[in-house]
Amino acid sequence: MLQAQLKPANLVVTYNQTYSAMALTDAVSTQGSAIMATQVKPTPQTRQTAEPDSSTELRHLSRYLVRNLGMLNAAFGDLPLSPVQAHTLFELGKQPLTIKELACKLSIDKSNASRAIKHLVDKNLAHSQIHPRDNRCLVVQLTPAGKKLLVKLDTQQNQLFQEILAQLTPAQTSQIEEALMLYNQAVHNAKQQSGCQIRQATAQDDAAIAKVIRDVSAEYGLTADKGYSVADPTLDCLSQIYSQAGANYWIIELEGRLLGGAGIAPLANNNGICELQKMYFMPEIRGKGLATRLALMALDFARETGYQSCYLETTAALNEAVKLYEKLGFVHLSAPLGNTGHDACEMPMLLELNQ
């Protein structure tokens with residue numbers, strides 16, 4: 001789900017700011033690029049946002065955007081191109097492409113990309129030739145006529161968006177751009193996460209979770225003798241720890257393999273404060289937005305459970321994790337809270353959950 005990639009506040013900003021801008025394009029009959037929402041297979045632990053109707057609103061916004069920009073029309077404005085053919089023309093204008101490369105850039109199947117190219121070739125807007133480094137495939141590029149039509153297409157699109165931006169202040173334009181970039185990244189992440197299952201950990205997962213934590217710790221040099229969580233005596237029976245009240249642990253599976261996880265548990269002797277714990281991911285699932293998604297799920301659980309703050313301890317060696325925590329709103333503390341036993345984790349951080 002797309003909302004699983006976004007903070008509730010960001011989701012509301014994305015919808016409200018973008019909808020207000022798109023509502024101004026009702027009278028525009030020409031077309032432009034549109035961001036399409038991509039569904040992923042739901043999981044039992046798909047997170048919920050603070051807005052119950054956020055998914056419906058985003059779906060409505062996506063449909064509205066597509067319709068308002070004319071992406072359902074047979075022709076692209078007043079040019080002899082379908083929307084797919086126009087997008088193909090844009091991409092070929094940047095560089096020659098194979099059918100596979102074009103399909104990837106447009107997020108369409110190869111047969112659809114092949115048909116778009118055939119129409120452009122038939123119209124003498126593009127031509128194909130044997131790939132110089134692989135004679136098993138063809139590379140396609142624009143003809144002079146195609147390049148000339150692309151100039152007209154760019155002119156049309158520039159005029160369209162100049163008319164839209166004329167309705168907005170510079171600050172509103174920046175807000176819309178930021179919201180759309182956020183939405184587009186969430187779409188991308190959701191597609192990248194296809195096939196991944198997120199669920200609560202069980203006792204049967206204990207050995208696999210411990211192995212992930214040990215493997216990732218070794219990768220980053222977080223050895224057991226230095227006071228990191230890999231040294232915890234409960235590492236091989238984490239399901240018992242996270243079965244207590246106010247605690248939970250989620251794991252990520254891909255093709256039957258457990259490849260990551262994260263947990264929430266109460267911080268000892270600190271009422272109202274929980275701790276984000278044991279957040280580790282194998283290389284196979286990094287860079288897909290899953291760390292953000294799992295962290296957001298854990299923080300939702302913390303709020304629903306009644307915690308006021310979320311604490312964590314990390315180390316500068318985990319640079320990517322530190323950047324994620326900062327992006328989520330965690331602030332650095334001058335001293336640790338409580339006594340977690342992880343004295344080598346020199347970066348204590350805290351997030352106020354009700355802000």
If we only count heavy atoms from C-beta on, is the [X] to [Y] side-chain gap below 4.5 Å?
X	Y	result
K288	N189	no
L299	F330	yes
H131	T98	yes

Quiz item: Partners of D122 by salt bridge (Lys or Arg N to Asp or Glu O under 4.0 Å), sequence neighbours excluded?
Solution: K118
Can you measure from [atom1] ([X]) to [atom2] ([Y]) and round to the nearest 0.5 angstrom?
X	Y	atom1	atom2	answer
R63	L58	CZ	CG	11.0 Å
E163	N158	CD	CG	11.0 Å
T88	L106	OG1	CG	5.0 Å
Y307	E352	OH	CD	15.0 Å

Self-check item: Residues D205, R199; criterion salt bridge (Lys or Arg N to Asp or Glu O under 4.0 Å); working and verdict
Solution: CA-CA 11 Å; D205 299 314; R199 61 172 175 81; 2.8 Å; yes
Quiz prompt | Backbone N/O of F281 and side chain of R286: donor-acceptor pair under 3.5 Å | solution = yes
Quiz item: Hey, does the side chain of Q244 reach the backbone of I241 with a donor-acceptor pair shorter than 3.5 angstrom?
Solution: yes
Exercise. Determine the interplanar angle of the F301 and W250 rings, folded into 0 to 90°, and report it as parallel if under 30°, tilted if 30 to 60°, perpendicular if over 60°.
Key: perpendicular
Practice problem: Indicate the ring-plane relationship of F90 and H87, choosing parallel, tilted or perpendicular according to the 30° and 60° boundaries. | Solution: perpendicular
Quiz item: Which pair of non-hydrogen atoms, one from S217 and one from Y280, has the smallest distance, and what is that distance?
Solution: OG-CE2, 3.6 Å
Quiz item: If you take all heavy atoms of Y242 and K278, which pair is closest and at what distance?
Solution: OH-CD, 3.9 Å
Practice problem: Please assess Y325 against L351 for the test side-chain contact (heavy atoms from CB on, under 4.5 Å), listing each intermediate value before the final yes or no. | Solution: CA-CA 9 Å; Y325 301 143; L351 172 68; over 6 Å; no
Self-check item: Salt bridge flag under 4.0 Å for residues R214 and D236
Solution: yes
Quiz item: Is K323 salt-bridged to E326, going by a charged N under 4.0 Å from an acidic O?
Solution: no
Quiz item: Could you walk me through whether K191 and V187 pass the side-chain contact (heavy atoms from CB on, under 4.5 Å) check?
Solution: CA-CA 6 Å; K191 291 170 65 177; V187 173; 4.2 Å; yes
